[in-house]
Amino acid sequence: MEVTIIGGGVSGLALAHELAPDHDVTVLEASPGPRGGGYMIDFFGPGFLAAERMGILEELRSRGNVFDGVRFARPDGTPSGTIDVGPLVEAAGGRYFSILRPEVELGLLAQLPASVDVRYGQRAVAVRDAALSGAMDPARAVVETADGATLESDLVVACDGVRSPFREHVAPGHGEIVPMGYRAASYLLEAPELADELGNHALMTDTIQRIGGMYAAGAGRIGVLCAQRVDRRLTERPEPDPSRLRAEFSGLHPLVDTALEQAPASFYDDLVAQSAAPTWSRGRVVLAGDAAHAVSLLAGQGTSLAVAGAEALARSLRAAGPHVEVGLRDYERRWRPVVERAQRAGRRSAASFIPANGVQLRVQQVARRTLSIPGVSRLLAPQFIGA
């Protein structure tokens, strides 16, 4: 059948990879090319195993890195603790590494079958049932693009992120994001000296209400992540502004201040949010990835679930054969409990990621010291990586 995928990010490209052997697949991506920038993610859990089955794991692993750990520091630069990543990797049986999110996309592109038609610079603006267009076969769907073109397909999959405008089409009243009360900004920077100083450890500030993090990202680059608590009622995406970023996050750590002075004009800046919908499909339109079930940037499993969810959807469609709606229902029945557990865990982890006050910070510091006790880290590690 003909499948149109809206969104050429991790979810869309992973799904295209899985559907290509059996179907004619077109991917519409609004950006003019593969997206740069982004942030470092930890790749583990169901996505790791799915990537292995899909035959893309070694490509992704070759683009990633296993950090030695995380160093924590106070605003004056003095160290306040460390977390060793070794027990996490051991608990996961080696099924764990870190990778820049744009490198996941590039890795998927490198493994994408030549039959997939990826169209960059094509922004989808609307979807509708083909029956409304008087089509010969009403069991299809139509995608409209910003340049006035239309594509009719047997199936349309919205993989365009947590702010997908097509969630409202599938589940009226659930198009808005579910804010978690945090905002995060991230960018990559050419800074060889800072990269050398960081080495193979990430840096995280020991601060309340707002945090800063840095890590070496290869080729003399560093990644910067800043996050803060905000009003949970906010839903509008912030406008990236380097001056405002410096004003809001200066004073967290001397190295973070240095990186903030070099912040680019354009960078990732958004509210930390989840998405929720009582149903993921309507007719021949289905939601996937963050468009259906975003767990949030701070939950640490979004990319893993995007890959595993793409495999789950493709598998259900393959099993259903010509009965597409049956496959869509089976996909949701099997995959929804998995992502809802991850969303609940994401809400808990976000609350501890940015301490609200001194008491929460001290609890965090005690927990880190506990992890350094021989044997304790191995006991608790599976809780952190879902092994």
Side-chain angles (χ1 to χ4, degrees), residues 9 30-32 35-41 70 72-77 100-102 160-165 176-191 193-195 197-198 202-217 221-275 290 294 296-300 302 346 349-358 360-361:
S31 65
R35 290 169 288 185
Y39 46 87
M40 190 73 74
I41 60 99
V70 182
F72 293 84
R74 302 178 182 89
D76 63 1
L100 288 168
R101 198 175 190 281
D160 52 335
V162 64
R163 292 184 179 272
S164 171
E176 290 293 326
I177 60 172
V178 182
M180 300 177 69
Y182 310 92
R183 166 203 169 205
S186 180
Y187 56 89
L188 295 176
L189 190 66
E190 297 288 340
E193 291 183 2
L194 287 175
E197 188 165 350
L198 290 167
L203 168 72
M204 190 67 67
T205 63
D206 239 351
T207 47
I208 62 173
Q209 293 294 328
R210 57 186 190 139
I211 60 166
M214 295 172 57
Y215 47 87
R221 297 178 301 171
I222 64 166
V224 180
L225 172 67
C226 295
Q228 65 183 168
R229 289 177 174 260
V230 296
D231 190 333
R232 290 185 67 109
R233 294 170 295 182
L234 295 177
T235 58
E236 186 175 350
R237 184 169 192 166
E239 190 69 31
D241 181 341
S243 297
R244 182 166 60 88
L245 190 73
R246 286 190 287 271
E248 292 175 341
F249 289 100
S250 63
L252 290 173
H253 187 276
L255 292 183
V256 175
D257 286 346
T258 300
L260 285 171
E261 288 300 321
Q262 303 174 58
S266 178
F267 53 88
Y268 174 89
D269 194 350
D270 202 355
L271 300 175
V272 176
Q274 296 186 337
S275 58
D290 281 356
S296 88
L297 181 152
L298 300 183
S349 64
S352 62
F353 194 73
I354 308 176
N357 50 53
Q360 288 188 11
L361 179 60

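Note on residues 252-265: no pairs pass side-chain hydrogen bond (donor to acceptor under 3.5 Å, both in side chains), not counting sequence neighbours.
Taking CG of L361 as the reference point, atom CD1 of I211 lies at 11.0 Å (rounded to 0.5 Å). We find the CZ-CD distance between R244 and E239 to be 8.5 Å, quoted to the nearest 0.5 Å. Atom OH of residue Y182 and atom CG of residue D270 lie 15.5 Å apart, to the nearest 0.5 angstrom. Interatomic distance, D241 CG to F267 CZ, rounded to the nearest 0.5 Å: 6.5 Å. We find the CD-CG distance between E190 and L188 to be 8.5 Å, quoted to the nearest 0.5 Å. Rounding to the nearest 0.5 Å gives a distance of 4.0 Å between CG of L100 and CE of M40.
Remark: the backbone N or O of I41 is not paired with any side-chain donor or acceptor of R101 at under 3.5 angstrom. Side-chain N or O atoms of T207 include none that pairs as donor or acceptor with a backbone N or O of L252 at under 3.5 Å. For the pair R210 (side chain) and A227 (backbone), a donor-acceptor distance under 3.5 Å is absent. S275 places no side-chain N or O within donor-acceptor distance of the main-chain N or O of V162, the cut-off being under 3.5 Å. With S164 contributing its side chain and D160 its backbone, the two residues share no donor-acceptor pair below 3.5 Å.
Shortest non-hydrogen contact noted between V272 and S296 is CG1-CB, 3.5 Å. Contact detail for A273 and A294: the closest heavy-atom pair is O-CB, 4.1 Å. Between P238 and L271 the shortest heavy-atom distance is CD-N, 4.0 Å. Pairing each heavy atom of L203 with each of A73, the nearest pair is CD1-CB, 4.0 Å. Between P264 and P242, the shortest heavy-atom distance links the atoms O-CG, 3.2 Å. Nearest heavy atom pair, residue Y268 against residue A184, reads CE2-O, 3.7 Å.
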- Message: Run the side-chain contact (heavy atoms from CB on, under 4.5 Å) test on I177 and R163 for me, step by step, so that the C-alpha distance in whole Å, both residues' side-chain angles and the decisive distance to 0.1 Å come before the verdict.
- Response: CA-CA 6 Å; I177 60 172; R163 292 184 179 272; 3.5 Å; yes
- Task: Dump the intermediate steps for side chain to side chain donor-acceptor pair (under 3.5 Å) on R183 and Q228, then the final yes or no.
- Result: CA-CA 5 Å; R183 166 203 169 205; Q228 65 183 168; 2.8 Å; yes
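A salt bridge is defined here as a Lys NZ or Arg NE, NH1 or NH2 lying under 4.0 Å from an Asp or Glu carboxylate O, and R233 with D231 meets this definition.
Partners of D206 according to the salt bridge (Lys or Arg N to Asp or Glu O under 4.0 Å) rule, which considers only residues two or more places apart in sequence or in another chain, are R368.
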